[in-house]
Amino acid sequence: MKENGTIHLSMGIHNGKREQLIVVSVNPATLPEGKLKEIELAWDNGLYLAISYESGEFPMKHAYTNSAGVDMGEIHSIAAFCETDEALIVTGRKTRSIHQLRNKKLGELQRLMSKCNKYSRQWKKYNRAKQFVLSKSTKQLQDALHKTTKNFVDWCLENEVKQVFVGNPEGVQRRKQKKRTKHVNQKLSNWSFGTLRAYLEYKLHAKGILLFLVDEVYTSQTCPCCQRRKKVRTRNYVCACGYEEHRDIHGARNILAKELYGKMCHIPEETKRKYLRIA
Ligand SMILES: [Zn+2]
C-alpha cells in the first residue's frame with residue numbers, strides 16, 4: 001500500500017514461482033481510518049476490494065450483571081428474554097420476504113435455463129440474471145440482518161446485559177439431519193444463521209457483552225411449569241397446566257433458565273413485551 005493509493009496485491013507462490021503482483025489504484029480518501037490489516041480482491045457480480053482494518057476502538061467497559069436468553073425463531077428473527085423480565089421480539093418478516101422473492105426468481109430463471117442448451121447465448125443471459133439476483137438479495141439480506149442485530153444490541157444495553165446465551169439451531173440440525181424436511185431446512189438456513197451469529201458476535205463484543213452458543217434441545221417444547229413436552233405450531237405455547245406464553249419468548253426464557261438454573265423453570269410471572277418490526 002503506497003501513499004498515493006496504489007495497492008500491490010500478492011498472488012502468492014505457484015509451482016515454486018512467485019506470481020506477478022496485481023496493482024490496484026484507490027482514492028486514499030475512501031479508505032477506512034485505522035491500521036489496515038488485509039486487502040483482498042474479491043468477486044461479486046463485479047470486482048471489489050475487501051479491506052479489514054483495526055478501528056482502534058476498544059470494547060465498551062461497563063459493570064452490567066444481567067443475562068439474557070436468545071431464541072432464533074423463523075428465518076432470522078431474534079426473540080430474547082432478560083432477567084429483568086423484559087422480552088424482545090424482532091420479527092424476521094423483512095428477511096423472510098427477501099428470501100421468498102429470491103427463491104421465486106431463482107426458480108423461474110432455473111426453469112428457463114433448463115430449456116436452453118447449456119452455455120448457449122440465452123443460457124448465459126439467464127445465468128447473468130441469476131448472479132445479479134443472488135448478489136442483490138444477499139446485500140438486502142445483510143442490510144436487514146444488520147438492522148435486526150442492532151435492535152437487539154440496543155435492547156441489551158438498555159437492560160444492562162453482560163452475557164447472552166444463544167440457542168444453537170445448528171446443533172439440532174446435525175442431530176436430526178436425516179429426518180428434517182426441506183421446509184424446515186429452509187427456515188434454518190445455514191447462511192442466515194451463520195451471518196446473524198457473526199454480526200451478533202462482533203457487535204456484542206464491541207459493547208463488552210459476552211455471547212455463548214448453547215444447546216437449545218427441547219427448549220421450545222418443554223413447559224417450564226410442569227415439564228411436559230409438546231410441539232407448538234401456533235403463535236402461543238399453551239400447556240394443559242395453564243401456562244401460556246408467546247412461542248418465541250417461551251423458547252428464549254427456557255434457554256435462559258436452563259443456563260442460569262440448570263433446568264427449564266418458570267422465571268418471572270409477567271413479561272413486558274416489546275415487539276419490534278423491522279421495516
Ligand atoms: Zn405445563
Side-chain angles (χ1 to χ4, degrees), residues 65-93 95-96 148 151-152 155-156 158-181 183-189 192-193 196-197 200 210-277:
T65 54
N66 292 321
S67 300
V70 175
D71 182 59
M72 302 201 187
E74 317 229 295
I75 303 184
H76 334 75
S77 76
I78 291 180
F81 188 85
C82 180
E83 278 179 280
T84 54
D85 300 1
E86 290 271 351
L88 170 81
I89 293 180
V90 187
T91 79
R93 207 177 295 260
T95 35
R96 209 155 48 230
T148 302
N151 275 306
F152 172 69
W155 176 87
C156 285
E158 273 166 39
N159 286 286
E160 308 199 333
V161 170
K162 102 177 151 185
Q163 57 185 5
V164 297
F165 300 108
V166 180
N168 185 359
E170 280 177 348
V172 179
Q173 200 157 11
R174 264 199 305 278
R175 215 185 331 261
K176 292 185 183 167
Q177 211 152 29
K178 280 181 190 140
K179 283 186 198 162
R180 284 184 102 85
T181 63
H183 177 67
V184 178
N185 276 331
Q186 259 174 10
K187 275 167 74 173
L188 290 177
S189 119
S192 308
F193 179 72
L196 185 59
R197 199 182 84 186
L200 273 184
L210 303 169
L211 180 150
F212 299 99
L213 276 182
V214 298
D215 193 355
E216 61 168 15
V217 68
Y218 300 130
T219 50
S220 62
Q221 295 177 21
T222 311
C223 170
C225 295
C226 67
Q227 305 297 312
R228 258 182 282 212
R229 274 187 209 154
K230 65 177 272 186
K231 292 216 166 98
V232 220
R233 287 194 180 81
T234 49
R235 193 179 171 79
N236 283 336
Y237 182 100
V238 183
C239 181
C241 74
Y243 166 83
E244 190 175 342
E245 184 55 277
H246 183 287
R247 185 184 54 194
D248 297 334
I249 294 177
H250 160 81
R253 184 161 54 190
N254 268 345
I255 288 171
L256 179 64
K258 215 174 134 197
E259 295 308 315
L260 288 185
Y261 310 113
K263 60 177 180 180
M264 290 172 248
C265 54
H266 196 30
I267 326 176
E269 277 302 317
E270 290 298 319
T271 305
K272 298 168 213 155
R273 278 84 183 271
K274 191 173 168 188
Y275 293 90
L276 275 182
R277 183 173 301 167

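Note that ligands are numbered from 1 as they come in the structure, with each ligand's atoms numbered from 1 the same way. Counting from 1, the numbers follow the sequence of the chain as shown.
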Q. Protein N/O/S atoms under 2.8 Å from the Zn ion (ligand 1): how many?
A. 4
Q: Look up atom CG in Asn254 and atom CD in Glu245, then write down how far apart they are to the nearest 0.5 Å.
A: 10.0 Å
Q) Distance-only, no hydrogens or angles: does the Lys258 side chain make a donor-acceptor pair with backbone N or O of Asp215 under 3.5 Å? A) yes
Q | Heavy-atom donor-acceptor pair, Asn236 side chain to Val238 backbone, under 3.5 Å | A | no
Q: Could you check whether the rings of His250 and Tyr237 sit parallel, tilted or perpendicular, using 30° and 60° as the cut-offs?
A: parallel
**Q.** Any Asp71 side-chain heavy atom under 4.5 Å of Ser220 side chain
**A.** no
Q: Answer yes if the side chains of Thr84 and Asn66 hold a donor-acceptor pair under 3.5 Å, and no otherwise.
A: no
